[in-house]
Amino acid sequence: MKKIGRDFYLREDVVNISKELIGKFLVTRFNGKLTSGMIIETEAYNGSMDKASHAYNFRRTARNEVMYGVGGASYVYLCYGIHHLFNIVTNKKDVPHAVLIRAILPKDGVETMLKRRKLKTITKKVSDGPGTLSQALGIKTNHSGTPLNSELIWVEDRNINFKKSEIEAGPRIGVDYAGKDALLPYRFRLTEQTVNKIRNEWYS
DNA sequence: CGTACGATCTGCT
DNA sequence: GCAGATCGTACGA
């Protein structure tokens, strides 16, 4: 049940960090409402050399400025005019690494999350996608730049560990424009079998 | 300024 | 399985 400290985010290997974030808990507390979920899917965006990244070729704009800041902060941007996608900035200042959180399993504050999602029951639909999980946790673009050692958004290690074989790697989603980089195995996800097992344990 | 488009989701077929 | 939603952002004129 420990909030992850800055050192975790300051490391250089964003692909490895991306993998290690599987099984950690993403937590928000807005207006006194605490909500959380276990991270089950992530994608790494590997800096200025990664054609799929917003920071490719050191592209630097008002939107992605926070990617150039020190690791351990959020980067939230609007996608398709509708979806607020949540990323974690890693590495030192001026190295624009980030991890996109793509899916979580709801844990704390389920009622609040269902309300935000306008749903009645816990199903995959609650937070099984980058846009939906942000909505469930109440994260919006105005939270971009929020430090993850704050009292608003943070990541916890609750000592849940998985075997190597339970984490699958594959190409990232929706980045066909990135040419060769679209094929890199920078996406990590718990196997469906493991996810289903946890669903049964938590929601039965 | 004008325009094209996206690290997606939903509902309908 | 597929098209439509929907708008901030990037980039060129």
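For the numbers below, each heavy atom of this structure counts, side chains included, while hydrogens, waters and symmetry mates do not. In what follows, chains carry the letters A, B, and so on, assigned in the order in which the sequence lines appear, proteins first and then strands, with residues in each chain numbered from 1.
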> Please tell me which of the listed nucleotides, B:dT8, C:dA10, B:dA7, lies nearest to the side chain of A:Y77?
B:dA7
> Do A:R60's NZ or CZ and the ring of A:F58 fall within the cation-pi criteria of under 6.0 Å and 45°?
no
> Can you tell if the side chain of A:Y186 reaches within under 4.5 Å of the side chain of A:V14, non-hydrogen atoms only?
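Of all side-chain heavy-atom pairs linking A:V14 with A:Y186, none is under 4.5 Å.
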> Examine A:F30 together with A:H143 and report whether their ring centres are nearer than 6.0 Å.
yes
> Between B:dT10 and A:R117, is there an OP1 or OP2 to side-chain N/O distance shorter than 4.0 Å?
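A:R117 to B:dT10 OP1/OP2: side-chain N or O found under 4.0 Å.
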> Heavy atoms only: give me the nearest A:T28-A:L137 pair and the separation to one decimal.
OG1-O, 2.9 Å
> Please give, in whole Å, the distance from C:dT9 P to A:M67 CE?
15 Å
> Going by the side chain to side chain donor-acceptor pair (under 3.5 Å) test, name the single residue among A:R29, A:R116, A:E111 that passes it with A:T35.
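Only one of A:R29, A:R116, A:E111 forms a side chain to side chain donor-acceptor pair (under 3.5 Å) with A:T35, namely A:R116.
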> Using whole Å, what does the distance between atom P of nucleotide B:dT10 and atom CG of A:D128 come to?
10 Å
> With both distances under 3.5 angstrom, what nucleotide forms a Watson-Crick or G-U wobble pair with C:dC2?
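C:dC2 is paired, partner B:dG11.
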> Expressed in angstrom and rounded to an integer, what is the separation of A:L78 atom CG from C:dA10 atom P?
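Atom CG in A:L78 sits about 12 Å away from atom P in C:dA10.
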> Starting from C1' on B:dA7, measure out to NE2 on A:H54 and report it in whole angstrom.
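Rounding to the nearest Å, NE2 of A:H54 and C1' of B:dA7 are 6 Å apart.
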> Within this structure, what is the CG-to-C1' distance between A:D50 and B:dA7, rounded to whole angstrom?
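Going from A:D50 (CG) to B:dA7 (C1'), I get 10 Å.
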> Give me the distances for all protein-to-nucleotides 2-6 of chain C N/O pairs that come in under 3.5 Å?
unit_1 : atom_1 : unit_2 : atom_2 : d
C:dT6  : O2     : A:Y80  : O      : 2.6

> When you measure from the side chain of A:R59, which nucleotide among C:dC11, B:dA7, B:dC9 comes out closest?
C:dC11
> From CZ of A:R172 over to C1' of B:dT8, roughly how many Å is that when rounded to an integer?
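From A:R172 CZ to B:dT8 C1': 17 Å.
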> Nearest whole Å is fine: how far is B:dC9 C1' from A:L133 CG?
13 Å
> Quick one: look up who B:dG6 pairs with, Watson-Crick or G-U, both distances under 3.5 Å, and put none if it's unpaired.
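Check on B:dG6: paired to C:dC7, both distances under 3.5 Å.
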> Tell me which nucleotide, if any, is Watson-Crick or G-U wobble paired with C:dA13 when both distances must be under 3.5 Å.
none
> To the nearest Å, how far apart are A:R63 CZ and C:dC7 P?
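So the CZ-P distance, A:R63 to C:dC7, works out to 16 Å.
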> Could you tell me if the ring centre of A:H54 sits under 6.0 Å from that of A:Y45?
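Centroid distance A:H54-A:Y45: not below 6.0 Å, so no.
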> Is there a donor in the side chain of A:E168 and an acceptor in the side chain of A:T191, or the other way round, less than 3.5 Å apart?
no
> Under 4.0 Å between any heavy atoms, over every strand shown, what does A:T132 touch: base, sugar-phosphate, or nothing? Just pick one.
sugar-phosphate
